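All ligand and atom numbering here is 1-based and tracks the order in the structure. Remember, it's a predicted structure, so these values are computed and weren't measured experimentally.
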Amino acid sequence: MQLKSISGLVAGAAVASAQCAIPVAPLPTSIPAPFRVEVQNITRPDVHGKHMNLYEAGGGDQHLFIGPVGNLTLDLTLVNGVINWLPGGVRAVIGGEFSEIDHTTKMFMTERGDPKAVFAPTYACNPDVPTETQVELSFVGWEGEPAGGWICVRNSFDGSHEFRYSPPGNDLVDVDRECVKVTLVVRPADETTRRRRRA
Ligand SMILES: *[C@@H]1O[C@H](CO)[C@@H](O)[C@H](O)[C@H]1NC(C)=O
Ligand SMILES: *[C@@H]1O[C@H](CO)[C@@H](O)[C@H](O)[C@H]1NC(C)=O
């Protein structure tokens with residue numbers, strides 16, 4: 001009897017602590033401390049836990065990939081909801097390479113004035129460690145377009161995936177090159193150096 005009630009208590013405590021604590025105060029729309037972006041989709045191990053790398057393109061632009069291509073980038077910041085890489089003077093925008101087959105459009109970084117990708121920092125529980133709180137960059141929308149949609153990653157060269165925007169309500173899928181919906185997670189640079197690294 002005594003033992004049973006103790007194990008009941010322990011089980012209850014385990015359930016109570018299985019969820020992370022979400023702070024009540026909202027997050028500001030800028031994150032000045034340098035971070036790396038982790039990509040999550042717990043049902044898709046091929047992309048889950050990988051990171052946003054920068055890949056030098058023409059005219060000072062940087063294209064965005066998850067490994068194995070591109071440079072590991074620990075010094076991203078968020079400025080009014082827009083991902084910036086200040087050393088290169090570039091910010092994340094959406095435009096170009098529209099795909100007729102799945103209606104997605106490339107997200108990349110440039111210093112030019114293309115319409116931006118806008119995100120809102122949001123607290124959530126880490127799907128890998130449900131007791132741990134993380135800050136996600138919840139996708140708000142493509143500047144100048146109807147709000148909503150999501151960011152996805154699609155197969156590209158040398159086993160990498162490129163970042164793309166999918167418009168609200170889009171259900172077109174290119175079966176040969178599915179664009180996998182992902183959550184972008186802020187990994188502070190100082191925390192990243194302590195973690196197990198995945199390209
Ligand atoms: C990685 O960074 C180095 C140093 O800035 C640069 O020379 C190189 O072109 C970059 N590589 C890619 C793929 O962007
Ligand atoms: C994972 O990707 C699939 C395919 O894009 C999508 O339907 C699903 O909603 C994604 N799951 C999460 C948790 O983002």
- Atoms of ligand 1 close to Glu56 [distance to a heavy atom under 4.0 angstrom, numbered from 1]: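 Under 4.0 Å from Glu56, ligand 1 has these atoms: 6 (C), 8 (C), 9 (O), 12 (C), 14 (O).
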
- Item | Ligand-side contact atoms (ligand 1) for residue partner Asn71, heavy atom cut-off under 4.0 Å |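 It comes down to these atoms of ligand 1: 1 (C), 2 (O), 3 (C), 8 (C), 10 (C), 11 (N), 12 (C), 14 (O).
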
- Heavy-atom gap Pro127 to ligand 2 smaller than 4.0 Å: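 False for this residue.
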
- Message: Quick one: does any side-chain atom of Asp102 pair with a main-chain N or O of Glu100 as donor and acceptor, under 3.5 Å?
- Response: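 Answer holds: no.
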
- Task: Give a yes or no on whether the backbone of Glu97 and the side-chain of Arg164 come within a donor-acceptor separation of less than 3.5 Å.
- Result: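 A pair under 3.5 Å: yes.
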
- Query: With a cut-off of 4.0 Å, which atoms of ligand 2 are near a heavy atom of Cys179?
  - Reply: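 Listed by number with element: 5 (O).
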
- Query: What atoms of ligand 2 come closer than 4.0 angstrom to any heavy atom of Val180?
  - Reply: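 Contacts of ligand 2 toward Val180, numbered from 1: 2 (O), 5 (O).
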
- Task: Could you find the nearest protein heavy atom to atom 9 (O) of ligand 2 and give me its residue, atom name and distance?
- Result: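 Answer for atom 9 (O) of ligand 2: Lys181 CD, 4.0 Å.
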
- Task: With heavy atoms under 4.0 Å as the rule, classify the contact between Cys152 and ligand 2 as side chain, backbone, both or neither.
- Result: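 The answer is neither.
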
- Query: Under a 4.0 Å heavy-atom limit, does Glu178 contact ligand 2 with its side chain, its backbone, both, or neither?
  - Reply: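 The side chain, only.
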
- Query: Are Val186 and Val153 connected in the hydrophobic side-chain network, where two residues link if heavy atoms are under 4.5 Å apart?
  - Reply: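 Looking at the clustering, Val153 is in the same group as Val186.
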
- Could you tell me whether atom 13 (C) of ligand 1 has a protein heavy atom closer than 4.0 Å?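 Within 4.0 Å of atom 13 (C) of ligand 1, protein heavy atoms are found.
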
- Please check atom 5 (O) of ligand 1 for a protein heavy-atom neighbour under 4.0 Å.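 Protein heavy atoms within 4.0 Å of atom 5 (O) of ligand 1 - there are none.
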
- Where is the tightest heavy-atom contact between Ser30 and Asn80, given as atom of each residue plus distance?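 The pair with the smallest heavy-atom distance is OG-N, 2.8 Å.
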
- Message: Considering both backbone and side-chain atoms of Thr183, is one of its nitrogen or oxygen atoms within less than 3.5 Å of a nitrogen or oxygen in ligand 2?
- Response: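 Thr183 vs ligand 2: no N/O contact under 3.5 Å.
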
- Any side-chain heavy atom of His51 within less than 4.5 Å of one from Thr73?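 No, their side chains stay 4.5 Å or more apart.
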
- Query: Under 4.5 Å between any side-chain heavy atoms of Tyr165 and Thr104, yes or no?
  - Reply: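 No - every pair of side-chain heavy atoms lies 4.5 Å or more apart.
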
- Task: Apply the side-chain contact (heavy atoms from CB on, under 4.5 Å) test between Trp150 and each candidate in Thr183, Asn170, Val182; give the one that qualifies.
- Result: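 One option only clears the test, and that one is Asn170.
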
- Check each of Asp171, Val39, Asn41 against atom 1 (C) of ligand 2 and report the one with the nearest heavy atom.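 Comparing heavy atoms across Asp171, Val39, Asn41, the nearest one to atom 1 (C) of ligand 2 lies in Asn41.
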
- Message: Before we go on, tell me: are the rings of Phe108 and Phe163 under 6.0 Å apart, centre to centre?
- Response: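 Not close enough - the centres of the two rings lie 6.0 Å or further apart.
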
